[in-house]
Amino acid sequence: MTTEPGQQDRGIRRVTNRPGALIALAGGAGGGLLALVLVLAEKDPVSRCPGPHNAIGPPLDLVFVGLCAASFLAGGLLSDFDQNDAAEDAPQSVRDRTWLQGIVVGVLAILFGLLTYETYSLVLLEANQASNLWPITWFVRCLSTLTTVATIGALIVACIMCAFFGKWLWYRPRTLTSGPPRP
Amino acid sequence: MRVLARERSVSVVLILLIVLAVGGLVLRLFFFQSWFLWFWAMTALVALELLAIAVWDLIVDLRRGSVHLVTDQPAPWGPWVQWSLVPVLLVVGILVDHFVAH
């Protein structure tokens, strides 16, 4: 399958014109890179944090909570700027709508699986502190207390994730602006 | 009551909240004595409810039906209620998880 250079340029322009897409790409690449560096440096959370691990203590925990909440708001509010009402309100075909609904089902199924795993692993840990099945949140807890650099990295990644949640999960009814008439 | 009869989404939200309340009570009384574990179990239950609704609507789409649970009619309450719902729930969730459940 080949792609025309013009199509590639248009695709790149569409991404660079959308702050949310740039945040997603930078966050995904940054998070992946951080995880890779930690593994290569043998500082991955699993090998450095055996056994129960507490969350980061005060007052830094409040910094995490405050900045994550601010990132959530910023992610939602920034995505309101420069949006193309005409493109977003264009009528969808039945096929597109069904595909979109299928993606929603897939995302919710993954979310349900992850939350079930989190709950199950926490239950196991309460029964047996030496359980090898770690809750997902423990990796963040562990990473945030390894070193100063890891703390800052964990804070950045957590803020980027919260910005995603603000962009994608925060429903804000829009007042449609009267743009130029559509052809 | 007329709103419930006219707008299916509102009825679905109310039914979900009732299921959530009853399910939460059952989970707390019979399964999770720790508030922390109960909190996480409730998040999974909410995700399951949302998944069930999405699957229902997907099946309706595939069968070219019309009985969607999530409709696109204007909500009977003001836009500020919808605007503030997620941030309020988020802040409450953070506060409960951080200062009560832990």
Side-chain angles (χ1 to χ4, degrees), chain A residues 54-58 61-62 64-66 68-73 76-77 80 92 94-127 135-137 141 162 165-175, chain B residues 9 27 31-66 68-70 72-75 77-99 101-102:
Chain A
N54 292 325
I56 202 160
D61 59 339
L62 295 178
F64 267 74
V65 170
C68 283
S71 302
F72 177 90
L73 291 173
L77 295 175
D80 283 348
Q92 278 182 317
V94 174
R95 191 177 168 211
D96 286 350
R97 235 181 22 233
T98 306
W99 269 109
L100 187 62
Q101 187 65 30
I103 291 170
V104 170
V105 168
V107 169
L108 285 172
I110 292 170
L111 189 66
F112 171 64
L114 291 176
L115 288 170
T116 304
Y117 170 79
E118 178 76 14
T119 308
Y120 178 65
S121 54
L122 281 168
V123 169
L124 285 185
L125 266 178
E126 193 173 71
I136 301 162
T137 48
R141 283 184 180 198
C162 288
F165 298 149
K167 178 177 173 56
W168 291 326
L169 302 183
W170 182 12
Y171 176 66
R172 303 170 306 285
R174 286 179 297 126
T175 306
Chain B
S9 284
L27 288 175
F31 294 98
F32 297 105
Q33 268 63 56
S34 153
W35 281 111
F36 180 61
L37 296 179
W38 176 83
F39 172 80
W40 280 105
M42 288 300 287
T43 63
L45 180 58
V46 171
L48 179 63
E49 287 190 345
L50 295 176
L51 177 62
I53 292 173
V55 168
W56 175 285
D57 279 358
L58 177 62
I59 292 171
V60 170
D61 277 343
L62 290 172
R63 299 180 67 176
R64 301 282 189 267
S66 60
H68 291 94
L69 295 183
V70 179
D72 58 358
Q73 300 301 310
W77 43 73
W80 64 271
V81 175
Q82 298 173 60
W83 199 93
S84 57
L85 188 65
V86 171
V88 167
L89 289 178
L90 179 81
V91 170
V92 170
I94 287 174
L95 291 178
V96 169
D97 177 59
H98 200 74
F99 296 109
H102 270 299

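Only this structure's heavy atoms are used, side chains among them; waters, hydrogens and symmetry mates stay out. Lettering of chains follows the sequences in order, A, B, ..., and the numbering in each one begins at 1. All of these numbers come straight from a predicted model, not from anything done at the bench.
Using a 4.5 Å cut-off on side-chain heavy atoms (C-beta onward), Phe32(B) and Val123(A) make contact.
Minimum interatomic distance between Leu115(A) and Ala47(B) (heavy atoms only, all atoms of both residues): CD1-CB, 3.8 Å. Here the closest heavy-atom approach between residue Leu122(A) and residue Leu37(B) is recorded as CB-CD2, 3.4 Å. When all heavy atoms of Thr119(A) and Ala44(B) are compared, the pair lying nearest together is OG1-CB, 4.4 Å. Minimum heavy-atom separation, Ala54(B) to Val104(A): CB-CG1, 4.1 Å.
Side chain of Thr98(A) to main chain of Leu62(B): no donor-acceptor pair is present (N/O by atom type, distance under 3.5 Å, no hydrogens or angles). A donor-acceptor pair is defined here as one N or O able to donate and one able to accept, closer than 3.5 Å; no such pair exists between the side chain of Glu118(A) and the backbone of Trp40(B). Of the possible polar contacts, one joining the Trp170(A) side chain to the Trp83(B) backbone as a donor-acceptor pair under 3.5 Å is found.
Contact annotation for Leu100(A): neither backbone nor side-chain heavy atoms come within less than 4.5 Å of a heavy atom of chain B.
Highest contact tally toward chain A, considering only Val46(B), Thr43(B), Leu50(B), Leu48(B), is held by Leu48(B) [criterion: heavy-atom pairs under 4.5 Å].
Under the side chain to side chain contact (heavy atoms under 4.5 Å, CB included) test applied with Gln101(A), the options Asp61(B), Val55(B), Val60(B) reduce to a single match, Asp61(B).
Under the ring pair (Phe, Tyr, Trp, His ring centres under 6.0 Å) criterion, Trp56(B) pairs with no residue, sequence neighbours left out. Shown here are the ring pair (Phe, Tyr, Trp, His ring centres under 6.0 Å) partners of Trp38(B), two or more places apart in sequence or in another chain: Trp35(B).
The distance from the CG atom of Leu45(B) to the OG1 atom of Thr116(A) is 9.5 Å, given to the nearest 0.5 Å. In this structure, NE2 on His68(B) lies 6.5 Å from CZ on Arg97(A), to the nearest 0.5 angstrom.
Atom OH of Tyr117(A) is surrounded by more than 12 heavy atoms from other residues, nucleotides or ligands within 6.0 Å.
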